[in-house]
Protein chains: 2
Amino acid sequence: MPRSRHSDALRAAQMYYLQDLTMDAIARELRTSRSTVSRLLSSARDTGLVQIQIRSPLDTAPELERLIREQYDVDVHVVPVLDTLNEAEALDRVAMQAARTIGPLVDSNAIIGIAWGATISAVSRHLTRKITHDSVVVQLNGAGNMQTTGITYASDIMRRFGIAYGARVEQFPVPAFFDHASTKTAMWKERSVRRVLDLQDRMSIAIFGVGSVDSSYPSHVYAGGYLDEDDLKLLASSDVVGDVATVFFRADGSSDGITLNERSTGPSHEQLREVRRRICVVSGASKIDGLRGALAARLATELIVDEATARRLVSYGDSA
Amino acid sequence: MPRSRHSDALRAAQMYYLQDLTMDAIARELRTSRSTVSRLLSSARDTGLVQIQIRSPLDTAPELERLIREQYDVDVHVVPVLDTLNEAEALDRVAMQAARTIGPLVDSNAIIGIAWGATISAVSRHLTRKITHDSVVVQLNGAGNMQTTGITYASDIMRRFGIAYGARVEQFPVPAFFDHASTKTAMWKERSVRRVLDLQDRMSIAIFGVGSVDSSYPSHVYAGGYLDEDDLKLLASSDVVGDVATVFFRADGSSDGITLNERSTGPSHEQLREVRRRICVVSGASKIDGLRGALAARLATELIVDEATARRLVSYGDSA
DNA sequence: AAGCTATTTGCACAAACGTGCAGAACGGAG
DNA sequence: CTCCGTTCTGCACGTTTGTGCAAATAGCTT
C-alpha cells in the first residue's frame with residue numbers, strides 16, 4: 001500500500017476537482033485532517049498535477065482580442081489588469097498569467113529558448129511545475145556586459161525554468177554584445193558555442209519580452225551598461241524602435257543594415273521565425289512602439305499582453 | 001463596451017484562476033457584488049470555459065494503474081471511491097469523474113458514438129459544457145424493445161450529450177434487437193438507416209459501458225424485456241460473459257458464432273476497433289466478468305473504472 | 001403603460017477554506 | 001540512546017466562498 005504523499009495528492013485532487021467532494025469528506029477518506037488535505041491540494045496545484053486552463057472559444061472572444069488577432073495575425077491573450085495598479089504590480093499580474101498560460105504549451109522533448117530580461121524574469125518567478133522528459137531550456141542571448149558578467153541574473157531565470165519543467169539548462173556564456181563583430185564570428189566557430197547554437201536552431205518554443213527605446217522607461221538593455229554612447233547614437237540614427245533578445249528592428253519590422261545586430265548574440269529574426277511557438281510577453285504601455293515593431297516583424301505567434309497596452313495596439317491601428 | 005455576461009465570466013475566470021485574486025477583488029474590478037462573481041465563476045466552470053484537468057505523469061502513476069495498463073494495454077483512470085458507498089452512489093462518482101475526463105477529449109468536428117445504458121445515462125447527467133463546432137453525437141445501437149419504444153430514455157441521454165458539446169444529435173430509430181436477422185439485413189439497406197451507419201463508420205470517439213451476465217445485478221439489456229426466454233438460453237449456451245452496445249462476447253473476447261449478434265443493432269467489434277478513442281466506463285464489481293471480456297476483445301482504448309473493480313481486475317490477474 | 005413571469009442581484013448567514021503556530025514524528029550524527 | 005535540525009500534522013482562528021431568499025430588473029404580452 002503506497003500511501004505516499006504524491007499518490008495521496010493525486011487521490012485528493014481527483015476527489016476534489018473531479019468529484020466535487022469537500023476537503024472534509026476527503027480528509028475522512030484519507031484518514032487525515034482537513035488542513036492536510038488543503039495542503040495536499042496546494043501541492044497538487046503547484047506541482048502541475050492539476051492543470052487549470054481557460055479556453056475562450058475563438059468566436060466568443062472579446063472584441064479586443066479579435067481585432068488584434070485579425071490585424072496582427074497573432075494568438076493573443078489579453079490580461080485584465082486594474083488600471084490603477086502601478087507598473088510593477090501590473091507586470092506581476094501579467095507575468096503570473098503568462099506563466100500559467102505557457103505551462104500547458106510545454107511538453108516532453110521540448111527545446112525551450114529563453115530571452116532573459118525584466119519581463120521574463122517576472123514570468124520565471126510564477127511558473128508552476130510540470131514534469132516533462134528530455135526537455136532543454138536554452139538561453140537565447142549572452143548576458144555579460146562591461147561592468148559585470150550578468151550571469152547570476154540570467155542564470156537565475158534559466159534555473160527557475162529548468163526546475164519548473166524538469167529540464168536540462170544550457171547557459172550561453174557570452175557577453176550580450178561583442179565589441180567587435182569579428183570576435184563574434186570567431187566565437188561562433190567554437191565548438192562550445194556551436195553546441196548552444198545548434199540547440200537554438202532546433203528549439204520548439206521561444207519565450208521573450210520586447211525592449212523598447214521609449215525614453216520614459218528604458219529597458220534593461222538600453223540602461224544596464226550593455227551599450228556605450230556611440231552605440232546609442234547609432235541606434236537613434238537607424239530609426240530603431242526596439243529589440244527582441246538584443247536583436248534590433250525598426251517600426252516596420254525590418255532589421256537590415258542595423259550594424260549593431262552584427263555584434264549582438266541573440267538569434268536573427270530569420271532564425272527566430274523558424275520556431276513553431278514564439279511567445280511574447282509584454283506589460284506596460286511604454287513598450288507599445290517596440291511591440292508594434294516586433295509584431296510587424298512577425299516575431300511572435302502568441303502574445304500575452306496587459307489590457308491597456310492591448311487597447312493602444314488597436315487604437316490608432318490603421319498603419320500609415 | 002460589451003459588458004456581456006459571457007465576457008465578464010471570462011475576465012473573472014482569468015483573474016481568479018490565473019492571477020489568484022479573491023472574488024472580492026474581482027467584484028470591485030467588475031463593479032458588482034462578490035456573490036455575482038461567485039456565480040460567474042460557477043458558470044465559467046460548467047460552460048467549460050475553465051477546464052480543470054488532472055494529469056498524473058505516467059511514471060508516477062499509482063501501482064494499480066500501472067499494472068492494469070501493462071496487463072491490458074489500456075489507458076486507465078481509476079476513480080477513488082469510498083468502499084462504504086452503495087452501488088448507486090459509487091456509480092454517480094464514477095460517472096462524474098468520467099464526464100469530466102471525457103470533456104477534454106472531445107473536439108470540434110468530432111463524431112461521438114454513444115451506447116446508451118445505465119452507466120452512460122449517469123455520465124450524461126454530469127457532463128460539463130464545452131462548445132465545439134460541427135460535432136455530431138450518434139447513437140450506436142437501437143433502443144426499441146417489445147414493450148416500449150425505449151426512445152425517450154435513450155434520446156434523453158443523447159440530447160444531454162448534444163447540448164453539452166453543442167453537437168447535432170443523430171438518433172438510431174430501430175429496436176435493440178430484431179426478431180429476425182433478415183429484417184436487419186433489409187433495414188440496413190434503407191437510406192435512412194445507412195445515413196446513421198455511415199456516421200458510425202466515421203466516428204472518432206465511442207463512449208460505452210459494458211453489460212455483464214453476472215446474475216446478481218443483471219444489466220438493462222438482460223432484464224429490460226429486450227430478450228426473451230429462448231434468447232437468454234442461447235446466451236448461456238454460448239459462454240457469453242457480457243456485451244458492449246448489445247453485441248455479445250465470451251471471456252476470451254471472441255464473438256464468432258454468437259447468433260444473437262446477427263440480430264443486434266450495435267456496431268460489430270471489428271468496426272468498433274477502428275475507432276481511434278474508445279472510452280469504456282465501468283462501475284460496480286459485478287461487471288468484472290464482462291469487463292475482462294471487453295478488454296480481452298480490445299474494445300477500449302481508455303477505461304474509467306472504480307477502484308474496487310480495478311483491484312479485482314488485477315487480483316487473480318494471471319489468466320488461465 | 002400596465003401587468004405578468006422569468007431572470008438576476010445583493011444581502012446575510014452558514015459552510016468551506018488557508019495558514020501561523022506549537023507540538024509530534026522523523027532522520028541522521030554523535 | 002540522545003541530541004538536534006527538519007518536516008509533517010492538527011488545531012484554532014480569520015478569511016473566503018456558496019446559497020436561500022426577497023427585492024430589483026429585464027423581457028413579453030396585452
Side-chain angles (χ1 to χ4, degrees), chain A residues 1-52 54 60 62 80 82 85 89 92-93 96-97 99-100 125-126 128-129 163, chain B residues 1-52 54 60 62 80 82 85 89 92-93 96-97 99-100 125-126 128-129 163:
Chain A
M1 251 339 75
R3 177 140 269 83
S4 82
R5 183 164 185 87
H6 186 89
S7 80
D8 273 359
L10 179 63
R11 284 175 72 95
Q14 291 182 104
M15 295 195 270
Y16 190 79
Y17 289 106
L18 265 21
Q19 295 181 29
D20 284 349
L21 300 189
T22 71
M23 295 188 182
D24 228 352
I26 298 170
R28 281 194 295 277
E29 162 86 353
L30 259 44
R31 285 163 220 286
T32 179
S33 73
R34 194 185 51 69
S35 15
T36 298
V37 174
S38 170
R39 282 186 266 255
L40 281 175
L41 288 173
S42 308
S43 94
R45 277 189 301 269
D46 45 46
T47 57
L49 214 150
V50 174
Q51 298 260 96
I52 296 181
I54 302 216
T60 66
L82 193 50
L85 256 41
E89 291 170 321
D92 211 54
R93 295 292 172 74
M96 188 182 301
Q97 186 157 336
R100 300 191 181 185
R125 260 182 278 272
H126 290 293
T128 52
R129 255 173 101 27
I163 290 171
Chain B
M1 265 313 97
R3 180 139 268 83
S4 81
R5 183 164 185 85
H6 186 89
S7 80
D8 273 359
L10 180 63
R11 283 175 74 94
Q14 291 183 105
M15 295 194 270
Y16 190 80
Y17 288 106
L18 265 23
Q19 294 182 30
D20 284 348
L21 301 188
T22 72
M23 295 187 182
D24 224 355
I26 298 170
R28 281 195 296 277
E29 161 88 352
L30 259 43
R31 286 163 219 286
T32 179
S33 74
R34 195 187 48 71
S35 17
T36 298
V37 175
S38 170
R39 283 185 265 254
L40 281 175
L41 289 172
S42 305
S43 93
R45 278 189 301 267
D46 46 47
T47 56
L49 215 148
V50 174
Q51 298 261 97
I52 297 181
I54 302 214
T60 66
L82 193 50
L85 255 42
E89 290 170 322
D92 211 54
R93 295 291 173 73
M96 188 182 299
Q97 187 157 336
R100 299 189 182 186
R125 260 182 278 271
H126 290 292
T128 52
R129 255 171 104 24
I163 291 170

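Chain letters run A, B, ... following the sequence lines, proteins first and then strands; every chain starts at 1.
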**Q** Considering residues at least two apart in sequence or located in another chain, which fulfil the side chain to side chain donor-acceptor pair (under 3.5 Å) criterion with A:Ser33?
**A**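 With neighbours one apart ignored, the set is A:Ser35, A:Thr36.
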**Q** Output all residues satisfying side chain to side chain donor-acceptor pair (under 3.5 Å) with A:Asp46, sequence neighbours left out; order by chain, then residue number.
**A**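 A:Asp46 satisfies side chain to side chain donor-acceptor pair (under 3.5 Å) with no other residue.
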**Q** Quick one: side chain to side chain donor-acceptor pair (under 3.5 Å) partners of A:Gln14, sequence neighbours excluded?
**A**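 For A:Gln14 the side chain to side chain donor-acceptor pair (under 3.5 Å) partners, ignoring immediate neighbours, are B:Gln97.
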**Q** Between the protein and nucleotides 17-24 of chain C, which nitrogen or oxygen pairs come in under 3.5 angstrom?
**A**
residue, atom, partner, partner atom, Å
C:dC17, OP1, A:Tyr16, OH, 2.9
C:dC17, OP2, A:Met23, N, 2.9
C:dG18, OP2, A:Ser38, OG, 2.8
C:dG18, O6, A:Arg34, NH2, 2.9

**Q** In whole Å, I'd like the distance from the CG atom of B:Leu30 to the C1' atom of C:dT8.
**A**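 Taking atom C1' of C:dT8 as the reference, CG of B:Leu30 is at 15 Å.
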**Q** So which atom in B:Asp8 and which in B:Leu30 form the shortest heavy-atom distance, rounded to 0.1 Å?
**A**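 In this case the closest contact between B:Asp8 and B:Leu30 is O-CD2, 4.1 Å.
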**Q** For C:dG10 and B:Thr32 - does any side-chain N or O of the residue sit under 4.0 Å from the phosphate oxygens OP1/OP2?
**A**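 Answer yes for this pair, as a side-chain N or O of B:Thr32 is under 4.0 Å from OP1 or OP2.
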**Q** Over all heavy atoms of both residues, which pair between B:Leu18 and A:Ile52 is shortest? Give the atoms and the distance, please.
**A**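 Looking at all heavy atoms of both residues, the shortest contact is CD1-O, 4.5 Å.
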**Q** Between the opening five pairs and the closing five pairs of the helix from C:dA1-D:dT30 to C:dG30-D:dC1, how far apart are the helix axes, to 10°?
**A**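 About 30° separates the two local helix axes.
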**Q** Nearest whole Å is fine: how far is D:dT19 C1' from A:Asp20 CG?
**A**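 So the two atoms are 15 Å apart, to the nearest Å.
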**Q** Could you list the residues that satisfy salt bridge (charged side-chain N to carboxylate O under 4.0 Å, His left out) with B:Asp20, not counting sequence neighbours?
**A**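 In terms of salt bridge (charged side-chain N to carboxylate O under 4.0 Å, His left out), with neighbours along the sequence ignored, B:Asp20 is linked to A:Arg100.
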**Q** How many Å lie between CZ on B:Arg31 and P on C:dG10, as a whole number?
**A**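 Going from B:Arg31 (CZ) to C:dG10 (P), I get 13 Å.
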**Q** Among all residues two or more places apart in sequence or in another chain, which pass the side-chain contact (heavy atoms from CB on, under 4.5 Å) test with B:Thr22?
**A**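 With neighbours one apart ignored, the set is B:Asp24, B:Ala25.
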**Q** Going by the rule side chain to side chain donor-acceptor pair (under 3.5 Å), which residues pair with B:Gln51 if we only count those two or more places apart in sequence or in a different chain?
**A**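 If we apply the side chain to side chain donor-acceptor pair (under 3.5 Å) test to B:Gln51, skipping adjacent residues, there are no hits.
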